[in-house]
Amino acid sequence: MKNIWGWIKQNREMTLTIISGCLIVIGFILNIQGHQAAVPTFIIAFMIGGYFSFLNAYHDLVKEKKLNVDVLMILAAIGASIIGYWMEGALLIFIFSLAESLEAMSLAKTSAAISELMKVTPDVARKYTTNGEIVETPTTALAIGDRLQVRKGEAIPIDGQLDDFVAVVNEAAITGEPLAVTKYHGDDLIGGTINEEAAFDMTVTVEDQDTLFSKIIRMVEEAQASPSKTDSKIQQIEDTYVKVVLVAVPLFILLMPLLFHWSWEEAFYRGMVLLTVASPCALVASVAPANLSTISRAAKNGILFKGGDVIDRTTDVQAVVFDKTGTLTEGQPEVVNQYYHDETLKPLIDQLVKSAETSSTHPIATAFLNALPDVKTIPLHRLEDITGKGFSFTYNEKTWRIGNRQFALNEKGVSALSASENEQVLQLEAAGKTVIFVSEEGQFQAYYALADRLKKEAKETIRFLHDLNIQTVMLTGDEERTANNIAQEIGIDDVRANLLPQEKATIIKDLQKEYGHVAMVGDGINDAPALATADIGFALGSGTDVAMETADVVLIQDDLLQIPFSLSISKRTEKIVLQNIIFSVTVIILLIISNLLQTINLPLGVIGHEGSTILVILNSLRLLRYRK
């Protein structure tokens, strides 16, 4: 019984529709028996079934100052009742209410993505008080600096940092990676992930509304409230369309007796049929349920479309542009080769390199720090971090440079190296490694070769994109030889190398002229201008907040395979929306013609028209089960 009451509270429109339908059946039986209670029963069915339609019509008419399809349906039902067609009027309202109730239920179903996300984080947390006791506190009441205990098997209630020495956390809800990860003291913890082993303590680092899951939920809610261009256009014409119908129906009733010698009663009845079948119910429902189904299906797959208009634009993408580091690769390069022109200078050069790289948080700097853990740093003078090139500094009154060949070796380039040294570098670059040079006063002193592992799904992603006839492009600051080697390995069509971060947005504009609509995939702050310039920006969930805010689509689970999925489901959505529009318009035209030929009555018109609305909604709901 409790479940039944719960269902009724969640589906009030459908509940009233069912009651209305039951009353119509009772009224029909009473009418056959000639009982006088038949008409009052139909009137009650009319009022119950039309309750929410009346509220919608009143809100739009009085408060929004516009007309909608609810007005047409109510007028048609009242008109049918005026001429004695009580059952037809009640039936009209019932079927219209059924269509709207099904649409409301479908919209509720597409909102399940938010409900599922909200279930991930617990409602309460185990918080330490000032005297060291643990009390259960609502997650929403937690503040930055609060200390919490997370027991084995529990979900982490909010984002924070680990206080204990070590913890094992399952982050599948975020990354999609089934294997648990080991966290160490001071590492970041994400709310909603699961503590796999012993209980640990943590410190809250964000307010509840600023957690990663809170941001995801807001993105889904905003996306569901943002209509596509097609949906917006249909909503814009709805008011005008209804006005045209309201003018056309009285003219129809007046002219038909004069032109075709119909009786006034027949003309009025046919006018009510016209009022019903000309209503754009199915047309209005052609787009929104499809877009909402797509947004919800994508969210379940770890993809956040930021609105229906984003789905529209995604269908037009002809080329996908990838940043390399952290997008196609793991973004964690390692030093795999070291060479010193003079081996006796190795200790000094290692010290200089580590001292310079300590000032940077770039992945390459991290690779150097990991490769030189026991090397001590020394003071440097006039240290400059030149974006996209490397470091310049003074040591013992001599200028040293660390960076790419062009920057570190000035104009000398290849000539600064011996033939054998240059051959070694060429072989490393041909193998896809990034070579970092060290020079003193422009003279070559050493090089370090770094390699960044490709993501396991990178090659398959490119293949799927090619199956969709999408061109693929890679942008990178790497040397051209290195970039071409990686591109050849995974099958990318076009490569733009030796780029500075600010040049990426310019390249995107050039690619838009060449290919048309272009999508950009990135993960860092330096990708934000390119993400904003592209027609569609894809941000990886492991990236920066700036990239996620700038992008149109966020891949929560950091899975490149979701890019072809996003493109294919958006194209499927476009096809279903087109099917819906063509079908709904065709049904309206056929029903209007049938009414003129007097081959349908009001019940058949209602069933044909509202049946098309139900079919359109059901067609859209297929996207909830889309697989590619």
Side-chain angles (χ1 to χ4, degrees), residues 42-43 46-47 49-50 52-62 64-100 234-286 581 583-613 616:
F42 288 134
I43 293 174
F46 181 117
M47 295 173 66
F52 282 102
S53 295
F54 175 79
L55 290 182
N56 292 335
Y58 177 81
H59 177 272
D60 282 4
L61 192 61
V62 177
E64 301 294 332
K65 308 299 181 186
K66 67 177 185 179
L67 296 167
N68 62 17
V69 293
D70 296 272
V71 174
L72 295 183
M73 292 298 99
I74 291 172
L75 289 176
I78 292 173
S81 300
I82 289 173
I83 57 175
Y85 289 89
W86 298 102
M87 186 182 72
E88 285 84 346
L91 185 63
L92 167 56
I93 289 297
F94 165 72
I95 299 180
F96 178 68
S97 177
L98 178 62
E100 289 208 323
I234 289 176
Q235 289 177 10
Q236 288 170 7
I237 68 170
E238 182 182 0
D239 181 65
T240 303
Y241 186 99
V242 172
K243 289 176 182 176
V244 170
V245 172
L246 289 176
V247 172
V249 169
L251 288 175
F252 176 88
I253 294 171
L254 291 172
L255 293 176
M256 288 303 102
L258 300 175
L259 296 176
F260 296 102
H261 305 293
W262 289 359
S263 66
W264 289 107
E265 183 179 347
E266 177 69 12
F268 192 89
Y269 178 78
R270 290 294 161 190
M272 295 306 99
V273 177
L274 178 63
L275 195 58
T276 302
V277 301
S279 173
C281 298
L283 184 61
V284 171
S286 294
I581 291 173
F583 176 71
S584 59
V585 171
T586 301
V587 169
I588 290 172
I589 292 172
L590 290 175
L591 289 175
I592 290 174
I593 293 173
S594 299
N595 185 44
L596 287 172
L597 297 175
Q598 299 175 284
T599 57
I600 61 169
N601 55 23
L602 185 56
L604 286 177
V606 170
I607 292 170
H609 186 266
E610 296 308 325
S612 68
T613 304
V616 159

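Below, each value reflects all heavy atoms present in this structure, side chains not excepted, and no hydrogens, waters or symmetry copies.
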Which pairs would a plain distance check flag for residues 597-607, meaning a side-chain donor or acceptor within less than 3.5 Å of a matching protein atom at least two apart in sequence or in another chain?
unit_1	atom_1	unit_2	atom_2	d
Gln598	NE2	Glu266	OE2	2.9
Thr599	OG1	Ser594	O	3.1
Asn601	OD1	Leu604	N	2.9

**Q.** Pro257: side-chain contact (heavy atoms from CB on, under 4.5 Å) partners, not counting sequence neighbours
**A.** Trp264, Ala267

Q | ring-ring contact (aromatic ring centres under 6.0 Å, His included) involving Phe42 - partner list, sequence neighbours excluded | A | none

**Q.** Test side-chain contact (heavy atoms from CB on, under 4.5 Å) applied to Ser612 - qualifying residues, sequence neighbours left out
**A.** Ala282, Phe583, Val587

Q) Leu72 and side chain to side chain contact (heavy atoms under 4.5 Å, CB included): which partner among Thr276, Val242, Val249? A) Val242

Q. Under the side-chain contact (heavy atoms from CB on, under 4.5 Å) test, which residues partner Leu251, sequence neighbours left out?
A. Val247

(Q) Using the ring-ring contact (aromatic ring centres under 6.0 Å, His included) criterion, which residues pair with Phe268? Sequence neighbours excluded. (A) none

Q | Under 3.5 Å: donor-acceptor pair, side chain of Asn56, backbone of Phe52 | A | yes

Q: Return each pair, listed once, that meets salt bridge (Lys or Arg N to Asp or Glu O under 4.0 Å) where at least one residue sits in residues 597-606; pairs must be two or more places apart or across chains.
A: none

Q. Do Met272 and Ile253 come close enough that some side-chain heavy atom pair is under 4.5 Å?
A. yes

(Q) Which residues pass the side-chain hydrogen bond (donor to acceptor under 3.5 Å, both in side chains) test with Ser279, not counting sequence neighbours? (A) none

Q | With Ile589 via side-chain contact (heavy atoms from CB on, under 4.5 Å) - residues at least two apart | A | Val585, Ile593

Q) Should Leu596 and Phe252 count as side-chain neighbours, where that means a heavy-atom distance under 4.5 Å? A) yes

For residues 74-89, tabulate all N or O donor-acceptor pairs below 3.5 Å that involve a side-chain atom, not counting sequence neighbours.
unit_1	atom_1	unit_2	atom_2	d
Ser81	OG	Ala77	O	2.9

Q) Between atom NE2 of His59 and atom CG of Asp70, what is the distance when rounded to the nearest 0.5 Å? A) 12.0 Å

Q.
Test of understanding: with side-chain hydrogen bond (donor to acceptor under 3.5 Å, both in side chains), list the residues that count as partners of Glu265, not counting sequence neighbours.
A. none

Q.
What's the separation between atom CZ in Phe46 and atom OG in Ser53, rounded to the nearest 0.5 Å?
A. 9.5 Å

Q) Do Ile581 and Val616 come close enough that some side-chain heavy atom pair is under 4.5 Å? A) no

Q) salt bridge (Lys or Arg N to Asp or Glu O under 4.0 Å): which pairs involve residues 271-282, sequence neighbours left out? A) none

